[in-house]
2 protein chains.
Amino acid sequence: MTADSLTKALDAAEAHCLERGEKLTPVRKRVLELVLEADGPVKAYDLLEALKPGPGSAKPPTVYRALDFLMTAGLVHKVEALNAFVGCSHAHDEGGAELFICSTCGAVEERHGAPLPMNAPEGFMIQRSVVEHFGQCANCRPA
Amino acid sequence: MTADSLTKALDAAEAHCLERGEKLTPVRKRVLELVLEADGPVKAYDLLEALKPGPGSAKPPTVYRALDFLMTAGLVHKVEALNAFVGCSHAHDEGGAELFICSTCGAVEERHGAPLPMNAPEGFMIQRSVVEHFGQCANCRPA
DNA sequence: TCGAGAGCGTGATATTATAACATTCACTTC
DNA sequence: GAAGTGAATGTTATAATATCACGCTCTCGA
Ligand SMILES: [Zn+2]
Ligand SMILES: [Zn+2]
Ligand SMILES: [Zn+2]
Ligand SMILES: [Zn+2]
């Protein structure tokens, strides 16, 4: 992600939060920036490290609170199978994302558009779906 | 799960392992039994507690090793979003399961039959998929 | 002025998982 | 049978992930 598109994404995120009546505070914005800068899924404690050039500040709750906020706002997704987080450029409030994660280079592609399960149990009402595909992206795919 | 069907499942699991040239040792069998007995997803450290009526034995590696074995054998699935484990009565070596987990009663329904994503990125080769749906089962669904 | 609530700092702790090394045991081979 | 081998397990410690609980500081209006 270029510095320019990063700035744009952060501005868009800020606007998105305001629309929701919430504030993208400095800590939250910084965490989002770090997540977006990363080339792949990023761990909470790596964010924590990155956050504390400052002296005392930045303990686990700081980063987990920010991540919770960003996830609720639809700006960040958690990769459940990795305990890691990825940025979302779509800022969709609703609907889980479908993630394609390259195990080799770490690149993450995100798709939306409910891959509605044809085979849900009768009467099951889905509230949240976790869909994560792991494999090789086109670049890393063995010849 | 009835005591009878539990016994059958364990016997079937044992046969399944033998076919694969592996052994369902007492520890592994006991862990599988505990997972199958549970009405829903079960946590590793709950298994650990259940394992140690015995004096010293049963430390974390014991249960994690057993779970790794059982997952590789296709007898148990990990619910990534819960850090918990569910038994699988199908014993499918290949292909991830599609899980429907009731957030109210904890019941887990499993479906197979790859709902192949229509919208995978061009050239992406999927090796493993995590598909977990959370919501309300027919019984727990609000009127 | 003075709550009320959001956001955040801080210390402690809970939960989940693995590393590293020793021991046991079944099985093979000499 | 003695000795070697490898899988499984026991054991100790620690790493990695996540949350609780409490208090402080703002801002915003009543
Ligand atoms: Zn998204
Ligand atoms: Zn790749
Ligand atoms: Zn299964
Ligand atoms: Zn239910």
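Values in this document were obtained by computation on a predicted structure and should not be read as measured data. Protein chains get the first letters and strands the later ones, always in sequence-line order, with residue 1 at the start of each.
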Margin query: How many whole angstroms separate atom CG of B/Leu67 from atom C1' of D/dT9?
Written below: 15 Å
Check: Taking side chain as C-beta onward, heavy atoms only, is A/Ile101 less than 4.5 Å from A/Val79?
Finding: yes
Next item on the list: Report yes if at least one side-chain N or O of A/Thr62 is closer than 4.0 Å to OP1 or OP2 of C/dT10; otherwise report no.
Entry: no
Next item on the list: Sequence neighbours left out, what passes side chain to side chain contact (heavy atoms under 4.5 Å, CB included) with A/Glu14? Give chain and number order.
Entry: A/Leu24, A/Lys29
Item checked: DNA chain C contacts among residues 27-38 of chain A, heavy-atom distance under 4.0 Å -> A/Val27, A/Arg28
Item checked: A/Thr25 side-chain proximity, nearest of C/dG7, D/dA18, D/dT9 -> C/dG7
Checklist line | Length of the line joining B/Asp68:CG and D/dT9:C1', which is rounded to integer Å | finding: 14 Å
Item checked: Min side-chain heavy-atom separation A/Val86-A/Val76 under 4.5 Å -> no
Next item on the list: Quickly work out the A/Lys52 NZ to C/dT10 P distance and round it to whole Å.
Entry: 11 Å
Next item on the list: Provide, to the nearest angstrom, the distance between the CD atom belonging to A/Glu22 and the C1' atom belonging to C/dG5.
Entry: 14 Å
Checklist line | Residue of the set B/Leu70, B/Asn83, B/Asp68 for which side-chain contact (heavy atoms from CB on, under 4.5 Å) holds with B/Lys78 | finding: B/Asn83
Check: Below 4.5 Å, heavy atoms only, C-beta onward: do A/Leu47 and A/Leu67 meet side chain to side chain?
Finding: yes
Item checked: Any residue meeting side chain to side chain donor-acceptor pair (under 3.5 Å) with B/Glu80, in chain and number order, not counting sequence neighbours -> B/Arg128
Item checked: Within-4.5 Å side-chain heavy-atom neighbours: B/Phe100 and B/Arg111 -> yes
Which pairs, protein N/O on one side and nucleotides 24-29 of chain D N/O on the other, fall under 3.5 Å?
none

Margin query: On DNA chain C, compare the nucleotides closest to B/Arg65 and B/Ala84; which residue's is nearer the 5' end?
Written below: B/Ala84
Between protein and nucleotides 13-17 of chain D, what N or O pairs are separated by less than 3.5 Å?
{"from": "D/dT17", "atom 1": "OP1", "to": "A/Lys43", "atom 2": "NZ", "distance (Å)": "2.5"}

Next item on the list: Starting at NE2 of B/His133, measure out to CD1 of A/Ile126 and round the result to the nearest 0.5 Å.
Entry: 5.0 Å
Next item on the list: Calculate the interatomic distance between A/Leu48 atom CG and D/dT19 atom C1'; express it in whole Å.
Entry: 14 Å
Next item on the list: Take the protein atom CG of A/Leu24 and the nucleotide atom P of C/dA6, then report the distance between them rounded to whole Å.
Entry: 18 Å
Checklist line | Close side-chain approach of A/Cys137 to A/Thr104, heavy-atom, < 4.5 Å | finding: no
Item checked: Distance in angstrom units between A/Lys59 NZ and D/dC22 P, rounded -> 18 Å
Item checked: Side-chain touch B/Glu98/B/Ser129, heavy atoms, less than 4.5 angstrom -> no
Check: Restricting to pairs with a member in residues 31-49 of chain B, which pass side chain to side chain donor-acceptor pair (under 3.5 Å), not counting sequence neighbours?
Finding: B/Arg30-B/Glu33
